[in-house]
Asks: 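Can you read through this structure? Questions will come right after.
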Amino acid sequence: MNPAWTFLTAFAGALLVLLLPARSAAASRWVALVAALAGAGVALGGWSARLANPDAPVWSLDLPWIPDLGARFHLAADGLTLSLLLLTGIVAVAGILFSWNVERRPRAFFACFLTIIGSVYGVFLSRDAFLLFVFYEIVILPKYLLISIWGSTNKEYGAMKLTMYSIGASALILIGLAVAYAASGAGSFDLSVLAAADYPRSLQLWAFPILFLGFGVLAGLWPLHTWAPTGHVAAPTAASMLLAGVVMKLGAFGAMFVAVPLFPEGFAFWQPAIAALGVAGILMGALTALSQKDLKFVIGYSSVSHMGFILLGIASANLWGLRGATLQMISHGIIAGLLFGIAGRVVYERTHTRDLGKLAAFDLWRTLPGAALAFTLATAASMGIPGFSGFVAEISVVIGLWQSNPWLTVFVAFGIVLTGAFSLRALHRAFFPDRRDETKPAKPLPPLTKPELIAIVLLLATSLAIGLYPKPWVRMIDEGLRSPLFESLSLKP
Amino acid sequence: MNFPALISQVLPEVVLVVTALLVLGLGVGGDRAGKPMRGATGRLIAAAGSLLAIVLLWSVEATAGTLIAADALSRMSKTAILAMGLLSVLLPPAKGEIKERGEFLALMLFSLAGLSLASGTNHLLLIFVALELASLSLYLVTGFPRTARAGEASLKYFLFGSVSAAFLLFGISLVYGATYQGDLARIGSMLDSASPLAAAGLAMMLAGIGFKLAAAPFHAWAPDVYQGGPAPGVAIVASASKVAGLVVAVRILLLGFGLFGGSAAWGALAVGWAPWIGVLAAVSMIFGNLLALAQTSVRRLLGYSAIANTGYLLVALAANDGASAGAALYHITGYGFATIGAFAVVAAVEKNRGSDSRDSFSGLVHRSPLLAISLLIFLASLAGLPPLAGFTGKFAMFASALKGGGTGLAWLVILGALLSAVSLYYYILVLKCAFGSDEVGSELDVSAGHRVVVLVSAVLVVGLGMMPSPVLHGFVSALADLMPG
């Protein structure tokens, strides 16, 4: 199956939803679900075909587009790309299931949602920097609309802050790409051509941080991460899942596949700084999460902390590090989606509060045992308990880090302890509160609905599958890391 | 001189003038029964004339020339100008705003003929005459509604315009004094060592062109004209007039004075016009974007954003490079259609709600989904979001400027990219009103003229953005043909 169908079905779904007659909530969510399932199906088909037949030529599509600019419509789907597509597909389906109850302007909601999904697929597939940037930028307006129309807590501020950070970061990316294009002299935006060009060291030293920072902001790079918790808390559930789950990964993907291969000398120079910022992100994110009162803010800051592992993996600049970074993209995508889904949809829609203090009154482990169980498992996954995907990803990053900057692993160890602390604190306070007054039973809450249950099982099962049997994922990811883009890093097992 | 051949090369302008006389006559004389011409009839005749002009433009073979240069550049830019003119004349003015329909349409067509002539000549004298034809018509068009605001706008436009025309003419006379030439190609080949007289002349011409393009600090007229003028007239001022101004700037700077560019590169500044263009670009981008942040009138907001946009164009010009100028011409084409579309939406909203303030756009998506979604397309394109023309244009300009002018121009590109990010803020505030509110008001009454203009502009903005090649390549190769060597 042609992997381009992933974004084609998503965009077609978005158009189709818009064309539905007004006030057709059920029809719009079914259309959205079918479109998301189709995209996920294409990704799964491509992924398993690639796994079964790893020596087949990589699918690619290379059409002329803007010859005067040297931009081509160049897509390719190696194992790594297909793994990221699969992640996107799973989060997309889960997100739509978690927004099954959206009644307010459902057509526009799902159109925005599907547009984001389609663009994310497009970014992962692009092998031309211009095309990648086009997909990357399409996300901005739908993100804004989703948060500012359907959001909660301080939504206008959160939406505008997130949008201005995104567009500011995009301006940096534009500058970096234009500089690379001009300095390479090849008149092409093809990533492999740009990466093969010889840039003077002096240029790399200033161009790399511009490009890396541009992508890094979207990846939650500390200290430019503050848009993420604010924006993700303000966003409606499905959008939080999507933003934290896959859109943040676009930044990490760009940093890894564009910034690093284009300016390897600049990367080598700034590598310690990136590693330091990664560690700072892990520690500061975890510490801030430890003091939050709002359950969604805990998850928002935990995302910053987990994204720090991706940056650390990239900064390690070795096979284990990059492998771990990619695994963490996938793992965190699943787990963040799950946590946001439970906190924002399952709990909030029933209790109308996310305040850790007020949630105690609901005695959630008795009144909503399914959600309590799911959140416990998700917390375990997020903490990096073996058996879940988080463990595999983070241990790979730590091995990579040990090979490149062994002393930094001390700080990471602290970070892991802190992760345990804030995760358990939130879990305990929200779901297993100490109730003084055992005589007054809490008000019963409606049980989990079918769409919620399916989405939870889907995400948990994926995390478990990766955690228990990571081999196929590692094999697929390693295939992408053998790409000529990473030649300058000389990745050896 | 072979007169039939000459006439065949100015056929588009001839058609425009004849159409203008026709609507003028119909407007004054009325039909056989003596009733005055209906507005729609006049608009359709004017649009048909513009369409015929485009067809005739492409039916004549392209030839190089001096006074009438029917080269590829003039063909491409005239097509853009005439297409923008076609959409602008189709826009219905506000009810009761225009009493003399025939005169109003005729003046718009005269201005189009002037803009079209100006973009198709390599001779300084004809550039001046043609630009004056356009400017004089547009001053009048701006002042047509008998409101205090339109009067003020028209007067400001006229005062600034006539001073800058004086600068332009004086500059031309100095250049003529230095070279005894009005032909830009010859001036380019004759001036091999910097002549102080020609340099002074060029500086004065820059002021004149800066006015046409609304570059800061020659911009002060723009927000007032955008706010006070009638929508169809402002649409021409904001689109076709900008295209002609840019073509004239490209012909003068690249063809006539290409050797005197110097360099605007950071750390490698060299004397010439490029550093000045770079400064104008920086000032326009900063000034336009920052002032646009404070606007609540959407018309004024578009006026300030036009100033900022001129700044982006000048970044590409500062590279003194054909491919960058081609990208700039592509960008102004997409920009022109986006602005016309935006003005059509503003006009339709004004007609229903009586104001162009941001608040009057609230709930637009429920009142008229077509207008709201088109407005989203236009503003997103102006902000430079893909897959729209504004994105491709800005990206192409910035990338080619760095490629053609060297990475030393990065300071301008960095400034441009960051300020362009700022611009999203003020566009989003309008979009937030249009899309964010749940208030379901009465449906807007949108006339067919508005609908057609909005729809065609939206299709063009999306089409130019996703398939930029025909237009981008047309301009880039036209400039490659034009440039010596």
Asks: Please indicate whether B:Trp266 has more than 12 foreign heavy atoms, meaning atoms of other residues, nucleotides or ligands, lying under 6.0 Å from its CH2.
Replies: no

Asks: Using a cut-off of 6.0 Å, state whether more than 12 heavy atoms not belonging to A:Trp270 lie near its atom CH2.
Replies: no

Asks: Check whether B:Phe391 gets within reach of chain A through its side chain, its backbone, both or neither, counting any heavy atom under 4.5 Å.
Replies: side chain

Asks: Could you report the tightest heavy-atom contact between A:Ile175 and B:Ala417, atom names first, then the distance?
Replies: CG1-CB, 3.7 Å

Asks: Please step through side-chain contact (heavy atoms from CB on, under 4.5 Å) for the pair A:Leu141 and B:Ile428, ending with a clear verdict.
Replies: CA-CA 9 Å; A:Leu141 266 188; B:Ile428 269 199; 4.2 Å; yes

Asks: So which of A:Ser184, A:Gly187, A:Pro67, A:Ala171 has the biggest tally of heavy-atom pairs under 4.5 Å with chain B?
Replies: A:Ala171

Asks: Output, in order, the C-alpha distance, side-chain angles, deciding distance and verdict of side-chain contact (heavy atoms from CB on, under 4.5 Å) for B:Val422 and A:Ile167.
Replies: CA-CA 8 Å; B:Val422 170; A:Ile167 189 84; over 6 Å; no

Asks: Not counting sequence neighbours, which residues clear ring-ring contact (aromatic ring centres under 6.0 Å, His included) with A:Phe267? List them please.
Replies: A:Phe208

Asks: Do any side-chain atoms of residues 463-473 of chain B form donor-acceptor pairs under 3.5 angstrom with protein atoms, and if so which ones, sequence neighbours left out?
Replies:
| residue | atom | partner | partner atom | Å |
| --- | --- | --- | --- | --- |
| B:Ser469 | OG | A:Trp65 | O | 3.3 |
| B:His473 | ND1 | A:Asp68 | OD1 | 3.0 |
| B:His473 | ND1 | A:Asp68 | OD2 | 2.8 |

Asks: As a quick check of understanding, evaluate side-chain contact (heavy atoms from CB on, under 4.5 Å) for B:Lys432 and A:Glu156, giving each step before the final call.
Replies: CA-CA 9 Å; B:Lys432 190 177 89 185; A:Glu156 313 253 307; 2.9 Å; yes

Asks: Select all residues of residues 192-205 of chain A having any heavy atom within less than 4.5 Å of some heavy atom of chain B, and report them by number, or 'none'.
Replies: A:Leu203

Asks: Run the ring-centre check on B:Phe395 versus A:Phe189 and record whether the distance is less than 6.0 Å.
Replies: yes

Asks: Under 4.5 Å from any heavy atom of chain B, what part of A:Ile66 do you find: side chain, backbone, both or neither?
Replies: both

Asks: Quick one: of A:Leu177, A:Leu172, A:Ile149, who has the most non-hydrogen atom pairs under 4.5 Å with chain B?
Replies: A:Ile149

Asks: Which of the residues B:Leu385, B:Val413, B:Val365 is involved in the greatest number of heavy-atom pairs with chain A at under 4.5 angstrom?
Replies: B:Leu385

Asks: Please output the side-chain donor-acceptor pairs of residues 129-139 of chain A that fall under 3.5 Å, not counting sequence neighbours, one pair per line with the distance.
Replies:
| residue | atom | partner | partner atom | Å |
| --- | --- | --- | --- | --- |
| A:Glu137 | OE2 | A:Ser170 | OG | 2.4 |

Asks: Under 4.5 Å heavy-atom distance to chain A, tell me which part of B:Leu431 shows up: side chain, backbone, both or neither.
Replies: side chain

Asks: Given that the side chain runs from C-beta out, which part of B:Ala410 has a heavy atom under 4.5 Å from chain A: side chain, backbone, both or neither?
Replies: side chain

